[in-house]
Amino acid sequence: MGNWPSMAAELPFQEDGTSERASGEPSLVIDVDGYEGPLDLLLDLARRQKVDLSRISILALAEQYLSFIETARALRLELAADYLVMAAWLAYLKSRMLLPEPPKGEEPSAADLATALALRLKRLETIRAAAQRLATRERLGRDVFARGAPEVIASEGRPIWEAELYDLLAAYAQQRQKRIRQPMSVGHRQVLSLVEAREVLARLVGEAGEWTAIDGYLTRYMRSHGLPTETMTATVRASSLSAMLEMVREGVLDLRQDGAFAPLYVRRRSARPPALDL
Amino acid sequence: MAWVEAEEDEEGWDADQALARACRIVEALLFASVQPLSAQELAKSVPANVPIERVIAELEQSYAMRGVTLQRVAGGFAFRTAPDLAYLLAPEAEQPRKLSRAALETLAIIAYHQPVTRAEIEEIRGVATAKGTLDILLEAGWLRLRGRRRSPGRPVTFGTTPAFLDHFGLDRIDDLPGLEELKGAGFIEGRLAKDLTVPVPDDDPGLHDDEDPLGDLFTPLDDGDAS
Amino acid sequence: MAWVEAEEDEEGWDADQALARACRIVEALLFASVQPLSAQELAKSVPANVPIERVIAELEQSYAMRGVTLQRVAGGFAFRTAPDLAYLLAPEAEQPRKLSRAALETLAIIAYHQPVTRAEIEEIRGVATAKGTLDILLEAGWLRLRGRRRSPGRPVTFGTTPAFLDHFGLDRIDDLPGLEELKGAGFIEGRLAKDLTVPVPDDDPGLHDDEDPLGDLFTPLDDGDAS
């Protein structure tokens, strides 16, 4: 036990079960949007431990955070990279805290890392409290008011021209950006639109009473219309496939493929009713 | 403040309390208002049992001898500096004016790109610089004529002065934020054009390699003489 | 108005006369100005034999109970409406933009930690500063670019302005709420970057040891002559 980080030594052993319980906690609301980044989320989780931040269980906190991220990912919530980076770091910290501490090396000990994290959280909480007190002060223009119709006092050294650094920078940045934005011609993207693809296929439907290899048909179409195969094959294929699927759904076409990556065959659906037992 | 002094009998005391409160309210309203306020407007905020005329009279009397007096103007009431103290106020003409957009742009370009000639400013801005714009900036003491560019026409180069730094609260010219910082502070938005660069500004008064001394100030200054 | 009442003996009367006049002048100046005026600025317009502190004390007392009171803000003095009357005035006024949580936190970090770089703000909040957050605060006139930190990349340092103090009704940066508690909790002392404590905030315009000094404005900048 002597190798264990002091932080872990202070922890009661039952902490190990926390992650399961935490994930089942009804109070754990998954709303990443409500958090101002991973540190904010950690601070919120830490507050649920209802102890002074300096006595917080970092191990439990790491597990809660990781389970939060798990849940969020299970719900397929988009997580900003920041949250994942923090999760990776906490997973690392957790493993460091659970494993025997290696002999003293260059790296800070797991206990040091945990203490540093606790201090960071404490600092954020402190500045938050300060921000709150600042916000509740009597503010000019909201709680107290200055003279509505001020008169100009005669005094030497008063600048004739009013200009703030902010105005100067805003003017410069906007002007430079405006000027540098060259007239940009968007390169004409060579695509076969879905509408066009449908027209091509509609023509095919007229011809193909029997199974026809679609690739060959499209190649002939591209050649006859002078479309460059090197740049446009992909778009022609993609749009045609989308259009085909749509037409199959509408009952206009039949589509056949004998195996993965095998050629696709298409034919006009015959007038006979669909062979489905309804 | 006579109105907060207690009276002997209850009712009189209550009435004085109400009047005192009404006076505080009218005082604050008139102070904060952009325009003069009419008696009707003022009455809306005052306890119903206090006649507004009484409040006005009280305040007029209370401010009569002070540095600021309650005056009837434009059909309403407003606080105004006592006429005998008008000398403390600046004449209207000296009201500080906002620097025009063109002047701000020109000043900023000179600050970042100095030493810079008028033609170069125009090239960056993409428009001709009105004659008055540079005059205003020179007059404000923010610009100085640095020297002459060693190029055809020997155009004057402009730079900023210590008074410029002083006015804009800069310790030194390269405290002006760079591209990344302009972006970081939200001044530049969206994708950066590849060729958008912001120079490290330098107001060193020593002449650059391509600058000559101003020389004879009586020689026409700008490239104006070339035309 | 105690100061306009005559005294019996000549000398006392003269002194009272001078004080009364000084009070009227200071009253007029402070009424006229939106911005707080410093004692020095006020003293310039007041008879030399009247100590400005005496005038201020007289006015503070005289306005203590009124609808408009004399406040000490941003190192100076200003008349402001009494806070208890805000409910009457707020509906008329253009409401100041509500600060987002991110903006408020960023402002607090800058206020309590100044001078501070953007990277340091992000280190404390644990999240990148959204574009526009600093912009809003700069636009409000509460922030200023102080200088550059003497560290790789020479990042810009931010600090607060007198307008910040004025807006939040603070006389000096030391009056920030909660500073004592922060000190008591051992969160003040030392430098932010090294340990995790909050330094004593300092909006003194003079540069810190680790901020680049103005030095000699006329010395060429390092980056400039290297190229």
Side-chain angles (χ1 to χ4, degrees), chain A residues 34-43 53-54 80-83 85-86 115-158 164-170 173, chain C residues 28-29 31-35 37 41 44-45 68-69 71 73 78-83 85-86 89-90 93-96 99 101-102 104-105 107-109 111-113 123-128 135 138-139 141 143-145 166-170 176-179 181-182 185 187 195-198:
Chain A
Y35 290 105
E36 296 259 351
L39 214 54
D40 185 28
L41 168 55
L42 267 175
L43 186 56
L53 273 181
S54 53
D82 293 357
Y83 290 90
V85 170
M86 178 62 87
T115 310
L117 179 61
L119 272 173
R120 256 189 105 182
L121 291 173
K122 178 78 187 160
R123 189 177 61 186
L124 182 61
E125 189 177 56
T126 309
I127 204 75
R128 287 241 164 110
Q132 225 35 61
R133 296 185 61 167
L134 197 59
T136 52
R137 284 190 66 83
E138 276 155 9
R139 287 168 59 183
L140 185 62
R142 190 188 69 179
D143 308 301
V144 300
F145 295 84
R147 178 86 183 269
E151 295 157 278
V152 182
I153 303 164
S155 95
E156 311 148 48
R158 169 178 290 276
E164 303 286 327
L165 183 58
Y166 174 81
D167 303 323
L168 189 74
L169 296 179
Chain C
L29 287 173
F31 247 81
S33 177
V34 174
Q35 269 95 38
L37 299 174
E41 285 171 295
K44 277 190 234 155
S45 305
V68 172
T69 61
Q71 300 290 324
V73 281
F79 278 120
R80 299 286 183 248
T81 59
L85 300 176
L89 303 163
E94 203 180 304
Q95 282 296 302
L99 282 181
R101 198 171 131 204
L104 183 63
E105 258 176 51
L107 180 62
I109 289 169
Y112 286 82
H113 290 261
E123 149 75 15
I124 292 173
R125 297 193 62 232
V127 70
D135 198 32
L138 282 161
E139 199 174 347
L143 295 192
R144 64 190 196 89
L145 309 169
D166 192 13
H167 183 86
F168 290 96
L170 299 163
L176 277 171
L179 260 193
E181 287 94 319
L182 287 168
F187 266 79
D195 40 47
L196 296 156
T197 57
V198 178

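Here the structure is a predicted model, which means the values were calculated and not measured. Proteins get letters first, then strands, A, B, ... in listed order; numbering begins at 1 in each.
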**Message:** My understanding is that only residues two or more places apart in sequence, or in another chain, count here; which of them pass ring pair (Phe, Tyr, Trp, His ring centres under 6.0 Å) with A/Y166?
**Reply:** B/F187
**Asked** What is the distance from atom CG of A/L134 to atom CD of C/E105, rounded to the nearest 0.5 Å?
**Response** 12.0 Å
**Item:** Point-to-point distance, once rounded to the nearest 0.5 Å, from CD1 of C/I124 to OG1 of A/T126
**Value:** 10.5 Å
**Prompt:** Considering only heavy atoms, which portion of A/L169 lies under 4.5 Å from any heavy atom of chain C: side chain, backbone, both, or neither?
**Reply:** side chain
**Message:** Please report the interatomic distance CZ(A/R142) to NE2(C/H167), rounded to the nearest 0.5 Å.
**Reply:** 7.0 Å
**Prompt:** To the nearest 0.5 Å, how far apart are CG in A/D143 and CZ in C/R80?
**Reply:** 12.5 Å
**Message:** Keeping A/R133 on the side-chain end and C/L176 on the backbone end, is there a donor-acceptor pair under 3.5 Å?
**Reply:** no
**Interatomic distance, A/L165 atom CG to C/L143 atom CG [nearest 0.5 angstrom]** = 11.5 Å
**Request:** Drop me the distance from C/L107's CG to A/I127's CD1, to the nearest 0.5 angstrom.
**Result:** 10.0 Å
**Region of C/F168 that comes under 4.5 Å of a non-hydrogen atom in chain A** = both
**Item:** A/E164 portion near chain C, given a 4.5 angstrom heavy-atom threshold
**Value:** neither
**Request:** Using non-hydrogen atoms and a 4.5 Å limit, figure out which bit of C/A78 sits close to chain A: side chain, backbone, both or neither.
**Result:** neither
**Prompt:** Taking all atoms of both residues into account, what is the closest heavy-atom pair of A/Q132 and C/L104, and its distance?
**Reply:** OE1-CD2, 4.3 Å
**Among the listed options C/V73, C/V68, C/L85, C/D166, the residue most often paired with chain A at heavy-atom distances under 4.5 Å** = C/D166
**Message:** Only pairs of heavy atoms separated by less than 4.5 Å count here; which of C/L99, C/L37, C/V127 has the most with chain A?
**Reply:** C/V127
**Prompt:** Between C/G126, C/A86, C/A32, which residue shows the highest count of heavy-atom pairs closer than 4.5 Å to chain A?
**Reply:** C/A32
**Request:** Identify the two heavy atoms, one from A/R120 and one from C/E123, that lie closest to each other, and give their separation to 0.1 Å.
**Result:** NH2-O, 2.8 Å
**Request:** Check for a donor-acceptor pair, side chain of A/R137 on one end and backbone N or O of C/G169 on the other, with a separation under 3.5 Å.
**Result:** yes
**Asked** Partners of A/D40 by side chain to side chain donor-acceptor pair (under 3.5 Å), sequence neighbours excluded?
**Response** A/R128, C/R101
